[in-house]
Structure formats: C-alpha cells, structure tokens
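Since the structure comes first, as structure tokens, the remarks are kept for the end.
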Amino acid sequence: QKEVEQDPGPLSVPEGAIVSLNCTYSNSAFQYFMWYRQYSRKGPELLMYTYSSGNKEDGRFTAQVDKSSKYISLFIRDSQPSDSATYLCAMKGASASKIIFGSGTRLSIRP
Amino acid sequence: EPEVTQTPSHQVTQMGQEVILRCVPISNHLYFYWYRQILGQKVEFLVSFYNNEISEKSEIFDDQFSVERPDGSNFTLKIRSTKLEDSAMYFCASSEAADRGYGYTFGSGTRLTVV
C-alpha cells in the first residue's frame, strides 16, 4: 500500500463549481497535513495547512482531515479558471523533517 | 515576499558528468531541503540539512549525491557521475523550523536533463 494515494485526474469542471480533491494515507504517524498548488514547471506553493484532525477554511478553500479514516480533502468553492493547476496533498510526521507528497491531481476549470 | 532562488533554471549535462545545482534559501531560515520530481511522477524528498549537517535523507540520496552550504547564503546539491535517470526537476526548499508542516517555501526548480 502506498504511503499517500491521490487520484491523478485530470479533473475538469465548469467555472463556479465546487471542487473536491482527496487523498488517503496509510501512515498513522502523520500529524501535519498540507495542500500545495503547482503550476507547470514551477515549485509547489503552500495553499492550506492543518494540524491533526479537523477543518480549516481560508477564503474559497476548505481543508478537512479525518485521521480516523486516514482521509484528507480540499474543497474549492466558486472555482475560477485561475485555479487550474495541479494540487498536491502532502503530509508529515511530528518528528520528521521530510514531507511526503501525493502524486497530484490535475485540475482544469472551464470558463 | 521572500523567495527561494534556484539557478540555473535548466541544466543539460552529459551522462557521467558532475553537476552542481544552486539555491539561495530565505535569509532567516535555518532548515534546507532538496526534493526532486521526475516528469509525470510525484515530488520526492531527497535530503534535509540543518546546522551544517544532514538531518535526514531518503534512499534516493546515495553516495552519488552530496549537499553543502559553502557560505552564509548558498545551499548546493552536487550530483556526481550523472545517469539518465537523474533527469528531473530539482526543488530546493527552506523553512524556519522543521517540526511543523507549514513554512516550507519551495524554489521554482532546476530542470536537469542528462543526455
């Protein structure tokens, strides 16, 4: 079983739709959960960060973590064409310095 | 906004040659990292560096690789005797602290092509 699993997509939705992106993981030691956005040929850019279980909202973005199910989600409301990118989930243990990334979901928002 | 700067943006090298990828981390950050992303694959951790020594490394980071902070501003990744499979995007990152998941800033990457 892969440590972090993420559907690679591509996912195409119309402008204004609600987007749901998800990852599952197997390592119960993960404590920090992140979502990064990556544009073509650019480095990952941190979007959302959550510690342990719970929800976090920032503007149009909501991150959810369910540690009991080992499942994390990112919701994008009122999606815009500028949201078109690859979205990477990422996780980290409490004592580790390394971040483990999912494979990324390529998202396209159609005008 | 502070950023991590990587040079060059694209490096082409012949198989068997040595390359040095350079990074200038954010000035008040203390932890430095290298990640790589082979085309179409996930971003993979290579190594973390703190207080002038490696704090963690992955299985990928074998004797072919080394890191160095030669002065107060640069952080380098050296790849000796490059192989075709070393072709990838290499990302440098830095952070103020290693114990949290946020605060990591990634550079735009160096695309390494081994021919």
Side-chain angles (χ1 to χ4, degrees), chain A residues 2-10 21 23-25 27 29-54 56 58 61 63 65 67 72 74 85-106, chain B residues 1 3-6 9-10 21 23 25-26 29-51 53-61 67 88-113:
Chain A
K2 290 183 180 178
E3 209 166 13
V4 179
E5 299 212 45
Q6 183 176 10
D7 186 338
L21 304 169
C23 285
T24 59
Y25 64 94
N27 190 343
F30 288 144
Q31 294 286 339
Y32 300 93
F33 303 91
M34 294 143 281
W35 285 94
Y36 283 82
R37 178 172 60 194
Q38 186 178 26
Y39 293 110
S40 181
R41 297 177 182 259
K42 294 292 187 183
E45 171 195 9
L46 183 65
L47 269 181
M48 298 286 289
Y49 156 79
T50 309
Y51 172 69
S52 194
S53 283
K56 188 171 186 177
D58 184 2
F61 298 88
V65 175
K67 290 190 69 181
I72 72 170
L74 176 71
T86 296
Y87 288 79
L88 312 172
C89 65
M91 307 174 191
K92 180 184 169 304
S95 58
S97 58
K98 66 182 180 182
I99 296 173
I100 306 297
F101 284 88
S103 56
T105 299
R106 194 188 311 172
Chain B
E1 187 171 329
E3 59 182 26
V4 173
T5 304
Q6 289 187 244
S9 57
H10 189 193
L21 309 183
C23 169
I26 293 174
H29 285 184
L30 301 176
Y31 296 82
F32 313 113
Y33 315 87
W34 285 101
Y35 287 76
R36 80 172 184 189
Q37 185 175 31
I38 295 172
L39 185 65
Q41 297 186 26
K42 60 173 62 178
V43 177
E44 301 174 291
F45 170 78
L46 291 178
V47 65
S48 59
F49 190 87
Y50 169 71
N51 200 26
E53 60 183 28
I54 290 172
S55 50
E56 192 171 359
K57 63 182 181 178
S58 72
E59 293 176 352
I60 303 168
F61 194 89
V67 290
M89 282 289 286
Y90 288 82
F91 294 108
C92 174
S94 68
S95 67
E96 287 183 75
D99 60 335
R100 297 184 287 273
Y102 59 88
Y104 287 68
T105 301
F106 284 81
S108 290
T110 293
R111 177 170 298 279
L112 176 65
T113 302

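All figures in this text were calculated on a predicted structure; none of them were measured in a lab. So that the names make sense, note that chain A is the first sequence line, chain B the second, and so on, each numbered from 1.
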- By a 4.5 Å heavy-atom criterion (distance strictly below it), what part of B:Q37 contacts chain A: side chain, backbone, both, or neither? side chain

- Note on the structure: A:K92 and B:Y104 have their tightest heavy-atom pair at CE-OH, 3.2 Å

- Item | Minimum heavy-atom distance between B:R111 and A:R41, given as atom pair plus value | NE-NH1, 2.9 Å

- Item | B:K57 NZ: over 12 foreign heavy atoms closer than 6.0 Å | no

- Report yes or no: does B:Y35 contribute a side-chain atom to a donor-acceptor pair with the main-chain N or O of A:I99 at less than 3.5 Å? yes

- Item | Most contacts with chain B, counted as non-hydrogen pairs under 4.5 angstrom, among A:A90, A:G102, A:P44 | A:P44

- Task: Using non-hydrogen atoms and a 4.5 Å limit, figure out which bit of A:L88 sits close to chain B: side chain, backbone, both or neither.
- Result: side chain

- Part of A:Q38 lying under 4.5 Å from any heavy atom of chain B: side chain

